[in-house]
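For reference, the structure is listed below as structure tokens.
If you're wondering where the values come from, they're calculated on a predicted model, not measured in any experiment. Proteins come first, then strands; the chains are lettered A, B, ... in the order of their sequence lines, and each starts at number 1.
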Protein chains: 2
Amino acid sequence: MKLTNLQQEFVLHFGEMGSRWGINRTVGQIYALLFLSSEPLNAEQITDGLGVSRSNTSMGLKELQSWNLVRMKHFPGDRRDYFTTPEDLWEITRILIAERKKREIDPTLTKLRELELEGPKGDNYAEARIAELREMIELMTGFYDDMEKLETERLVKMMTLGSKIAGLIDKTSGALSLTKRK
Amino acid sequence: MKLTNLQQEFVLHFGEMGSRWGINRTVGQIYALLFLSSEPLNAEQITDGLGVSRSNTSMGLKELQSWNLVRMKHFPGDRRDYFTTPEDLWEITRILIAERKKREIDPTLTKLRELELEGPKGDNYAEARIAELREMIELMTGFYDDMEKLETERLVKMMTLGSKIAGLIDKTSGALSLTKRK
DNA sequence: CAGTCATTTCAGAAATTTCTGAAATTGAGA
DNA sequence: TCTCAATTTCAGAAATTTCTGAAATGACTG
């Protein structure tokens with residue numbers, strides 16, 4: 001499978017960005033290729049589109065599946081596995097955020113709670129700092145949970161409103177703050 | 001410098017999480033240690049607190065400075081550099097988000113724009129997908145820019161409101177959507 | 001059930017990243 | 001200007017991650 005110039009550039013970019021995104025080059029490239037393909041691709045096509053080994057493709061696809069970022073499809077009379085990315089970019093974004101939260105935030109939240117459960121150890125500053133960090137993460141993940149539930153339509157509207165939201169917020173009563181009162 | 005048990009556990013956790021966060025173990029550990037210290041620490045103290053080489057500490061601190069995550073301080077009559085993390089967790093969060101955006105998103109946005117500027121190449125599906133992705137990123141980064149400008153007080157209020165925001169949004173007129181109309 | 005095709009696994013090779021110790025550089029004070 | 005503590009740089013060692021080819025596994029077909 002010969003890639004078009006556009007595909008090639010896009011794929012290489014995603015490969016390079018991979019390490020910053022916490023995935024490896026091949027995984028980034030596979031994802032990019034699938035993202036730009038109108039048709040599902042099988043492992044063979046991906047392998048020679050990218051010029052990597054068949055086994056590398058297999059591992060990359062496994063990784064993408066663990067991220068829920070690809071879907072497997074089958075065609076009648078063809079026993080190979082075909083892969084696509086979800087059509088809807090919002091769905092992709094939701095998945096990405098959910099997975100990153102799971103990998104990058106949840107373990108730390110768990111750890112912080114564990115540390116607090118062990119009870120005061122006499123290091124007041126550190127204990128306070130840890131509690132503060134846990135509260136902050138809880139506030140943010142709580143907000144995330146709420147946003148996660150919103151339909152895309154509303155989410156888009158909210159994002160489009162942007163800073164106008166500040167006005168709306170001010171109109172509601174009951175200020176609450178986690179920050180230190182001066 | 002002997003770490004307390006609490007510091008030790010916290011530091012080790014941040015070290016392990018480092019790779020998921022796109023920093024290396026030492027950088028994660030240095031940050032964790034500074035985060036839990038009520039007093040600024042110098043490179044020497046960090047080095048023996050963590051049990052890494054002096055040069056590793058130096059490189060880690062340089063990295064953290066490039067992320068804007070530590071501040072350097074000096075004491076009269078002491079020419080060593082001392083380091084702290086910002087007190088305010090919200091400030092830290094803002095910095096983190098800004099830096100991750102800069103490293104993980106901006107380069108891709110630039111790339112997508114470049115690809116579009118090169119003009120139609122005949123691969124309609126890929127071109128459409130790229131445009132769609134660019135629009136999505138622009139919507140989200142635009143929203144981010146707006147949120148970034150809000151004072152912490154309002155941000156906290158917004159997060160606390162959570163799903164109640166949906167109601168507020170509905171009350172404003174002028175629905176707008178990037179999603180496909182059914 | 002033998003043969004074929006597709007996929008996965010896995011040990012080791014290759015590449016990359018992290019870390020160290022030694023040397024070089026910096027800069028404040030004598 | 002010289003000295004020396006502090007810091008940075010950097011080449012190579014160590015550790016880790018990624019990638020490959022070969023072998024194993026699975027699963028359908030005649």
Can you name the residues that form a ring pair (Phe, Tyr, Trp, His ring centres under 6.0 Å) with Trp67(A), not counting sequence neighbours?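 Here no residue qualifies.
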Cluster companions of Tyr82(A) among Ile, Leu, Val, Met, Phe, Trp, Tyr (side-chain spacing under 4.5 Å):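 Phe75(A), all in the cluster of Tyr82(A).
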Heavy-atom protein contacts under 4.0 Å, nucleotides 15-21 of chain D, coded B base, S sugar-phosphate only, - none: ---SBBB
Which whole-number value in Å describes the distance from [X] [atom1] to [N] [atom2]?
X: Glu44(B); N: dA5(D); atom1: CD; atom2: P; answer: 13 Å
X: Glu63(B); N: dT9(D); atom1: CD; atom2: C1'; answer: 16 Å
X: Met72(A); N: dA6(C); atom1: CE; atom2: P; answer: 15 Å

Of the options Thr85(B), Thr84(B), Leu64(B), which is the one that meets Arg71(B) in a side chain to side chain contact (heavy atoms under 4.5 Å, CB included)?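 The residue from Thr85(B), Thr84(B), Leu64(B) that satisfies side chain to side chain contact (heavy atoms under 4.5 Å, CB included) with Arg71(B) turns out to be Thr84(B).
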Are [X] and [Y] packed together at the side-chain level, in the sense that at least one heavy-atom pair is separated by less than 4.5 angstrom?
X: Met136(A); Y: Trp90(B); value: yes
X: Arg79(B); Y: His74(B); value: no
X: Ser163(A); Y: Lys149(B); value: no
X: Tyr144(B); Y: Ile105(B); value: no

Donor-acceptor check, side chain of Glu63(B) to backbone of Ile23(B), threshold 3.5 angstrom: yes or no?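 Flag not set: sc Glu63(B) to bb Ile23(B) has no pair under 3.5 Å.
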Scan the side chains in residues 28-39 of chain A for donor-acceptor partners under 3.5 Å anywhere in the protein, sequence neighbours excluded, and list what turns up.
| residue | atom | partner | partner atom | Å |
| --- | --- | --- | --- | --- |
| Ser37(A) | OG | Leu33(A) | O | 3.0 |

Among residues 33-42 of chain A, which ones have heavy-atom contacts with DNA chain D below 4.0 Å?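 None, since no heavy atom is under 4.0 Å.
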Can you tell me how far the CZ atom of Phe10(B) sits from the NZ atom of Lys111(A), to the nearest 0.5 Å?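 Phe10(B) atom CZ to Lys111(A) atom NZ measures 10.5 Å (nearest 0.5 Å).
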Among residues 74-82 of chain A, which contact DNA chain C at a heavy-atom distance under 4.0 Å?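 Of all residues in residues 74-82 of chain A, the ones placing a heavy atom under 4.0 Å from DNA chain C are Arg79(A), Arg80(A), Asp81(A).
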Is the phosphate of dT9(D) approached by Lys62(B) (side-chain N or O, under 4.0 Å from OP1 or OP2)?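 Answer yes for this pair, as a side-chain N or O of Lys62(B) is under 4.0 Å from OP1 or OP2.
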